Amino acid sequence: MLAKSGNVKFEKKSVSKSPNKNKLKYLTDEIAEHVFMISALLGVACLFIIIGFVFYKGLKPFIFEHYSFTEFLFGNEWVPSIGVFGISPMIVASIVGTLGALFIGVPIGVLTAVYIAELAPKKVAKIISPAVELLAGIPSVLYGIFGVVVIVPVIQSVFNAPKGQTLLAVIVVLSIMVLPTIVSVSETAIRAVPKVYKEGSLALGASKIETVFKVVIPAAKSGILSAIVLGLGRALGETMAIILVAGNSTILPTSLLDSVRPLTTNIALEMGYAYGTHQDMLFAAGVVLFVFILMLNLILNKISNKVVK
């Protein structure tokens, strides 16, 4: 009886302690959940605040001051001193520069990723992979300095151009800058392809190169397209490096050897001293850039989803 009563007392004590522990656990979980939720909402709030501010400033001239959005978008002249704001040459420079960089950077980046993930010996891969990743850590301005010191003089001498700061220099610099993003993301996608796919292809008599191009790359299409999207965003949003090699001309380019001024460069160059309508028009250029990047991302994401299906 004493033993039983002792056991009963012990059980009562343990039962009395467990509710407090459970309450503490629930309280801790609830606090952690709220902290995570606040952090997520803070990030989203910052995004909407920035977008709202940029759109408010950028659309103000067209809503309250009755400027023509068509003339702003398709006009060929940018002369803020007389109130002429046309960003057509800058849009063309941004589009051509970005597409040219992807045209050069995507094949090189994907082939590099294939070599690191599938073909290179482990010792070689351990050297190349960190070297490519280090490219992503180089500040943008250093890419611009490299372009001014190396790429610009080469273009000037090879093409006998009066000025080496051209659209071609922009394309070359951007193609180098997008490589780390494309290589790293593509490499991850290629390594994620199941070994069964490769083993099945090799068992059917395909060579290693045939397996890479007919099995591995098609299976990793979704990840490679994601790499292209990220590279596109990097190229389209780049500013500091392009300021040094673009030449900063607001005339509509008709050749790769013309000096240009992309949208990001125009905003960075003039925002420091702009005020009034001039400043609002720079924000409007930012709105156009934002919408352009958003549209391209949506298109590429749809393509990527179709490839996955």
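None of the values given here were measured: they were computed from a predicted structure.
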Is there a continuous path of hydrophobic side-chain contacts, each under 4.5 Å between heavy atoms, that joins Ile145 to Val245?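 Yes.
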Check your understanding: Are Val158 and Leu256 connected in the hydrophobic side-chain network, where two residues link if heavy atoms are under 4.5 Å apart?
Key ->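 Yes.
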I'd like to know whether CE of Met295 has more than 12 heavy-atom contacts from other residues, nucleotides or ligands below 6.0 angstrom.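 For Met295, atom CE is not crowded (no more than 12 foreign heavy atoms under 6.0 Å).
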Note to self: Is it the case that the ring center of Phe62 lies less than 6.0 angstrom away from the ring center of Phe69?
What the structure shows: yes
Return the [atom1] to [atom2] distance between [X] and [Y], rounded to the nearest 0.5 Å.
X      : Y      : atom1 : atom2 : value
Glu118 : Ile209 : CD    : CD1   : 10.0 Å
Asp280 : Lys57  : CG    : NZ    : 4.5 Å
Leu202 : Lys208 : CG    : NZ    : 8.0 Å
Met271 : Leu282 : CE    : CG    : 4.5 Å

- For Ile91 and Leu73, what are the C-alpha separation, side-chain angles and deciding distance, and is it a side chain to side chain contact (heavy atoms under 4.5 Å, CB included)? CA-CA 8 Å; Ile91 293 175; Leu73 204 59; 3.8 Å; yes
Checklist entry - For Phe283 and Tyr56, what are the C-alpha separation, side-chain angles and deciding distance, and is it a ring pair (Phe, Tyr, Trp, His ring centres under 6.0 Å)? => result CA-CA 9 Å; Phe283 276 103; Tyr56 168 74; 9.6 Å; no
**Q.** Test item: Ser175 side-chain N/O and Val172 main-chain N/O as donor-acceptor pair under 3.5 Å
**A.** yes
Ignoring hydrogens and geometry, is there a side-chain-to-backbone donor-acceptor pair from Ser184 to Thr181 under 3.5 Å? yes
By side chain to side chain contact (heavy atoms under 4.5 Å, CB included), Ile217 pairs with (sequence neighbours left out) Val114, Val212, Phe213, Ile224
Decide side chain to side chain contact (heavy atoms under 4.5 Å, CB included) for Leu232 and Val229; before the verdict, give the C-alpha distance in whole Å, the side-chain angles of both, and the deciding distance to 0.1 Å.
CA-CA 5 Å; Leu232 184 146; Val229 171; 5.6 Å; no
For residues 140-170, pull every pair meeting ring pair (Phe, Tyr, Trp, His ring centres under 6.0 Å), keeping only residues two or more places apart or in separate chains.
->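 Every pair satisfying ring pair (Phe, Tyr, Trp, His ring centres under 6.0 Å) with a residue in residues 140-170: there are none.
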